[in-house]
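Proteins get letters first, then strands, A, B, ... in listed order; numbering begins at 1 in each. The analysis underlying the following values was restricted to heavy atoms, covering all of them including side chains, and did not include hydrogens, waters or symmetry mates.
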Amino acid sequence: MPKTTATRGRELDRAGLSDEQLVAMLRNMLLQRQLDNRGFQLNRQGKIPFALGSEGHEAVQAGAAMAFKRGADVLVPYYRDLGLALGVGMTAFEILSSLFARVTDRSMGRQFPNHYTNHDLGVLSISSIIAGHCTHAVGVAAAFKYRREAGRAVLCATGEGATSQGEWHESVNYAAVHALPIVFLVENNEWAISTPQEMQMKVANVADKAPAYGLPGAVCDGFSPIAAFIAVHEALERARGGGGPSIVEAKCYRFLSHSTDDDDRTYRSRETIEEHRKLDPVPRFEQVLIEAGVIDEARARQLKQDVLRETNDATDAAEAQPYPTTESLYTNVVAGDYRPWQEFES
Amino acid sequence: MPKTTATRGRELDRAGLSDEQLVAMLRNMLLQRQLDNRGFQLNRQGKIPFALGSEGHEAVQAGAAMAFKRGADVLVPYYRDLGLALGVGMTAFEILSSLFARVTDRSMGRQFPNHYTNHDLGVLSISSIIAGHCTHAVGVAAAFKYRREAGRAVLCATGEGATSQGEWHESVNYAAVHALPIVFLVENNEWAISTPQEMQMKVANVADKAPAYGLPGAVCDGFSPIAAFIAVHEALERARGGGGPSIVEAKCYRFLSHSTDDDDRTYRSRETIEEHRKLDPVPRFEQVLIEAGVIDEARARQLKQDVLRETNDATDAAEAQPYPTTESLYTNVVAGDYRPWQEFES
Amino acid sequence: MTATTQQQTGTTVMTNVEAVRTTLHDALVRDDRVLIMGEDVGARGNVFLITKGFLEEFGPERIVDTPLAEASIVGVAIGMAMEGLRPIAEIQFADFIYPAFNQIVGEAAKTRYRSNGDYTCPMVIRTPYGGGVRGALSHSVSIEALFYHVPGLTILAPSTPADIKGLLNAAIECPDPVLFLEHKKTYRSVKGEVPGGYYTIPIGKADVKKAGTDVTVVSYGYNAHQALDAANRLESDGVSVEVIDLRSIRPMDKTTILDSVRKTRKLLIIHEDNKFGGIGAEISAMVAEEALFDLDAPVRRLAGPDVPAMGYALPLEEEFLISTDEMVQAMRDMAKF
Amino acid sequence: MTATTQQQTGTTVMTNVEAVRTTLHDALVRDDRVLIMGEDVGARGNVFLITKGFLEEFGPERIVDTPLAEASIVGVAIGMAMEGLRPIAEIQFADFIYPAFNQIVGEAAKTRYRSNGDYTCPMVIRTPYGGGVRGALSHSVSIEALFYHVPGLTILAPSTPADIKGLLNAAIECPDPVLFLEHKKTYRSVKGEVPGGYYTIPIGKADVKKAGTDVTVVSYGYNAHQALDAANRLESDGVSVEVIDLRSIRPMDKTTILDSVRKTRKLLIIHEDNKFGGIGAEISAMVAEEALFDLDAPVRRLAGPDVPAMGYALPLEEEFLISTDEMVQAMRDMAKF
Ligand SMILES: Cc1ncc(C[n+]2csc(CCOP(=O)(O)OP(=O)(O)O)c2C)c(N)n1
Ligand SMILES: Cc1ncc(C[n+]2csc(CCOP(=O)(O)OP(=O)(O)O)c2C)c(N)n1
Ligand SMILES: [Mg+2]
Ligand SMILES: [Mg+2]
């Protein structure tokens with residue numbers, strides 16, 4: 001039940017979230033924004049060859065991450081899930097280590113940035129192949145059910161474009177038939193690189209696909225972290241309680257080009273982006289918390305300084321790390337020493 | 001508008017079908033039944049290594065084939081579509097040539113039986129890979145639209161099991177987004193080899209999947225050729241008229257084991273089969289036509305003798321054909337002479 | 001057969017299909033992280049009856065009938081493996097593994113590498129392959145060469161019941177993904193002694209099925225049995241052929257092949273799979289790199305023709321497959337060279 | 001460059017990416033059965049801007065932005081081809097072709113064969129492959145060896161603008177499916193003269209990019225350019241290297257390779273793709289079969305290491321790729337042998 005902050009300001013439907021949690025969500029969003037800026041900046045400076053931002057997805061990710069139960073749930077994110085990664089415990093230093101491809105990156109500089117892995121935190125390693133990870137997420141959920149680990153669920157995220165893939169279909173269907181504890185979160189930002197939603201599917205909402213699998217589907221405002229929290233929390237709770245899978249669609253937007261390799265001016269107008277910018281979830285949520293009296297202007301400034309410092313420190317610390325050694329190219333192909341031609345004592 | 005046969009008997013909702021068409025459907029069904037028997041018989045006799053029957057699918061296939069416009073539409077069948085193949089013009093001799101793997105088989109004895117191809121009749125060549133052909137069906141429909149050939153549509157058939165495949169999802173979605181003239185006919189016989197529908201999907205009807213693609217979905221009685229005709233006819237007409245794709249599900253049943261290699265006693269009871277047998281569409285439709293006065297008992301006997309003779313003649317004629325030559329193994333890999341290592345004048 | 005961990009409790013004679021079955025059964029009994037998933041593995045007991053009775057014994061949680069969708073069969077198994085289970089996924093026929101190619105090559109094979117070991121993927125994909133059973137175009141193919149180029153994958157193709165048991169156990173123990181190929185034609189036609197108790201055979205180790213001095217023959221699968229027959233036939237003619245059964249396709253055993261070739265100075269590779277780009281190519285190339293001057297004759301590959309697959313008509317199947325007579329002839333020609 | 005049908009109208013200097021673009025453009029103008037389909041080929045003009053402006057010029061019916069689903073991109077193109085169109089399907093990066101593997105290997109390659117010519121499948125699948133552009137694990141792979149074993153498929157990998165034009169035209173004319181590989185690193189780094197007018201280059205024919213007498217080098221893609229540089233560097237040292245650019249991977253050119261090897265008596269194969277089971281294996285095996293006694297040195301393969309892919313970190317990418325210096329060294333070693 002929503003409780004109200006005693007101090008000044010508008011009443012806030014906080015969905016049971018404490019002040020601390022609300023501020024954590026805002027901080028996550030601010031940190032995302034800062035890290036995104038940093039990635040694109042480093043790319044322009046020629047320091048890193050590639051970056052990709054979550055701008056426009058900050059709210060849905062901060063909200064969804066707040067619904068994640070650390071130490072129990074598993075997150076199977078996609079490459080645009082900076083805020084989910086941060087929200088479940090990954091650090092700015094890990095993100096920067098990946099951007100700089102340093103030895104402190106968990107993939108040892110092998111993967112593109114934004115291809116998260118963190119076994120300790122329950123963040124599954126992902127590839128670049130759109131929707132390939134969805135089947136794995138289902139497998140993790142199947143393992144939970146197999147071992148009768150009630151109270152655990154999987155949060156699997158994709159963009160709306162990914163739902164066109166056959167593997168997405170097979171994943172959702174498998175999870176439905178086997179009633180597995182999993183939530184398919186679809187961050188619908190209207191675009192898949194240059195392909196708009198209407199060239200990707202004929203339905204207005206990705207959530208409209210849920211009944212085809214006999215599943216509940218929900219649509220939430222992906223520009224509101226609280227709305228996203230409510231929708232994802234409900235779905236994860238259902239899954240944890242044995243109620244099976246569901247689809248949650250969060251309507252958001254991609255403010256930036258797809259990545260530093262893309263130039264979105266070729267396929268969408270500046271005006272539409274400006275229209276969407278007016279709804280920018282980051283300043284909006286800051287305002288919501290200020291108006292509800294959860295924070296004041298000073299605290300807001302403080303938070304921004306904090307995340308800037310955190311980003312700066314992480315940048316410096318990561319950049320100071322060495323590259324992986326050339327020898328590391330040959331390790332962890334399979335367990336032990338690996339050669340396709342084996343030599344034995346003869 | 002249904003017209004009524006002037007003679008004795010019950011009124012028949014014949015969906016505008018003439019006596020001739022109604023009899024043609026019954027004949028198709030009887031011929032399917034006869035050819036199925038023949039295949040299994042030849043297999044028991046050790047004359048052919050494999051056969052697979054459409055028993056239980058006779059009605060839906062006879063009805064759907066009647067909705068097919070020869071010379072305009074294209075049929076992309078699956079391996080259980082004997083009645084569709086016959087209904088669009090393939091002959092018992094072609095079927096037997098394939099069962100015997102003789103030189104008169106269009107695939108030149110290469111394909112398993114039931115893997116139809118007949119370019120002249122607009123029957124697309126199919127592989128054994130479940131749902132692989134659905135994307136091709138969409139491509140044919142895309143070609144019709146590309147060339148602005150209004151009045152043409154594609155009829156693409158699968159079992160209900162096939163709808164679990166990613167390629168089925170991608171096919172239906174592509175067709176929907178591009179508004180292509182195609183009908184996805186799903187012959188739901190409740191089983192995919194030993195896997196029952198409830199382990200294949202969580203929805204009660206395959207047609208329930210249609211809204212996920214923004215498409216109309218219809219369910220029809222697959223034991224009634226007229227019901228199947230009505231549903232498929234309507235869907236094909238919509239497609240031919242530019243109204244886009246749709247899904248038609250026909251509820252039928254598989255009376256036999258999956259194929260001569262299967263033994264269904266391992267996974268389903270004799271009783272359920274007997275229950276379904278009581279609804280056997282072949283004698284039922286015969287009875288319907290007799291009661292409506294479209295045919296009399298003598299004509300019914302005559303039809304059965306006809307298809308038996310046709311089957312016997314085709315069996316003898318096909319069996320008398322030679323096998324493909326061993327040299328034919330090497331032809332038609334690609335156009336012309338084919339060697340992966342090329343030799344040139346040097 | 002080289003058995004490493006072997007608790008001998010007598011041997012039993014069984015067919016290849018029985019060897020797969022009993023090994024799977026024992027694994028299910030031994031390790032509750034092991035489960036079997038695929039199309040028709042439950043009540044049907046798999047289309048070759050390999051898992052017959054398993055559903056009743058182990059229940060639907062461990063013997064999982066999946067929807068008809070190969071990418072998810074493999075992909076879901078990957079997720080299970082990443083989460084600590086030991087899934088054994090079945091592809092009903094090797095011909096239907098293509099839709100799962102992305103999951104095998106793009107995902108399973110790269111899981112450990114891309115995460116630098118943060119996640120691993122210990123799983124087995126079993127599938128029946130090969131022809132000679134009137135399976136026509138789409139129930140007969142060999143698939144090893146489509147996968148053996150892929151780093152991170154292990155590919156096994158044992159041909160005898162004892163090797164099947166030892167290598168299937170090794171595959172289940174293996175901390176990385178294994179593609180386990182079972183030649184359909186050997187399922188019921190090949191019988192042999194199988195040691196009791198649990199044992200594994202080292203992955204990557206070939207087996208000299210018959211020693212010889214004149215020609216080295218490298219083969220695997222059903223062909224290995226034919227090659228052995230052919231070699232035995234030639235004994236009476238005074239031609240001594242060494243027959244190596246690879247058993248393991250990736251990794252492959254350099255030592256056994258080179259030792260043999262350096263002795264016989266002649267190499268004949270036999271495989272049912274198409275020749276161009278088949279695994280015989282890599283074997284020949286390795287020998288041309290390492291032992292070129294030890295060769296007294298050109299390396300020869302006796303392999304399937306470069307057409308998509310054998311046909312359904314008997315003459316087409318026979319023409320595609322390598323007969324034992326052809327093997328005898330090729331061995332004789334090599335010996336004479 | 002061997003141009004067959006050539007209506008010379010002067011030459012133009014252009015990059016590889018421009019060669020792809022103008023050839024596609026001319027095909028669209030020439031033949032209204034030709035259409036282009038793929039992810040982001042429309043307004044975006046493809047991620048490398050290859051189809052930039054095409055949407056405006058030819059409209060959305062001929063420049064088709066597809067849903068994000070590779071199996072259907074290829075599968076729908078197959079259906080179009082069976083129905084008489086000439087689709088050119090694009091896979092955005094070669095790394096994302098795996099989900100379409102079934103459609104390419106199981107369907108397209110077998111369409112003509114399984115129907116005994118009743119249906120054919122004249123289509124082109126274009127895709128950028130290869131590394132050296134900081135594409136990390138999943139935007140850098142080579143895929144030729146995963147497909148070159150497949151009967152019914154044609155695989156082309158030209159490395160110069162003139163060869164791209166001639167072979168892309170040949171691919172579009174080809175009555176069977178063609179996989180057309182474009183090395184990303186050559187897109188903008190390679191420039192060359194391209195003849196005007198329409199011409200094709202015969203599929204299956206390699207090109208001797210430099211004649212030489214001491215060592216034969218067979219390569220393709222970006223490596224072919226490096227090999228040429230390396231060979232030129234060695235000229236001054238008196239080492240004469242013959243450089244063959246394969247251009248066509250399936251079929252491959254036996255005549256050109258054997259003629260050269262019989263002359264130089266030494267063969268070095270260079271490819272970026274992993275070594276084990278790479279296409280160098282088949283080349284070496286063919287030579288070991290046909291010209292073993294013409295060799296004065298073991299056949300050597302200088303190839304990518306047997307790890308899943310190059311990493312994102314610069315040292316990992318550099319370590320994976322073959323440097324021109326390494327090529328020089330290998331050529332020198334071979335010449336000395
Ligand atoms: C199988 C595959 N095909 C194509 C790509 C190239 N690609 C990368 S992101 C992307 C668009 C994804 O769109 P969406 O799922 O909506 O996510 P978003 O980027 O909008 O967050 C594409 C086509 C890929 N990575 N994998
Ligand atoms: C990709 C693929 N996987 C598995 C098979 C093996 N197989 C052949 S038919 C079949 C069941 C198909 O069921 P359904 O689609 O319902 O059609 P039905 O046979 O019931 O008419 C299976 C699993 C196949 N042919 N292709
Ligand atoms: Mg999107
Ligand atoms: Mg069925």
Are there more than 12 heavy atoms of other residues, nucleotides or ligands under 6.0 Å from atom CZ of A:Arg339?
no
Should we count CD of A:Glu234 as having more than 12 external heavy atoms under 6.0 Å?
no
What is the distance from atom NE2 of B:His178 to atom CE of A:Met199, rounded to the nearest 0.5 Å?
5.5 Å
Hey, what's the ring geometry for A:His169 with B:Trp168, parallel, tilted or perpendicular (30° and 60° as the breaks)?
tilted
Does any heavy atom of chain A fall under 4.5 Å from the side chain of B:Thr163, the backbone, both, or neither of them?
backbone
Looking at B:Glu198, B:Glu167, B:Lys202, which has the largest count of heavy-atom pairs under 4.5 Å with chain A?
B:Lys202
Crowded around B:Arg270 CZ? As in, over 12 foreign heavy atoms under 6.0 Å?
yes
Nearest 0.5 Å please: distance from the OH atom of A:Tyr213 over to the CE atom of B:Met201.
11.5 Å
Pick from B:Asp208, B:Val177, B:Val206: which one has the most heavy-atom pairs with chain A under 4.5 Å?
B:Val177
Assert top hit (heavy-atom pairs under 4.5 Å, partner chain A, pool B:Ala207, B:Gly214, B:Ser164) equals B:Ser164
Let me confirm one number: the CG-CD distance from A:Asn173 to B:Gln200, rounded to the nearest 0.5 Å.
7.5 Å
With only heavy atoms counted, which part of B:Gln165 is less than 4.5 Å from chain A, the side chain, the backbone, both or neither?
both
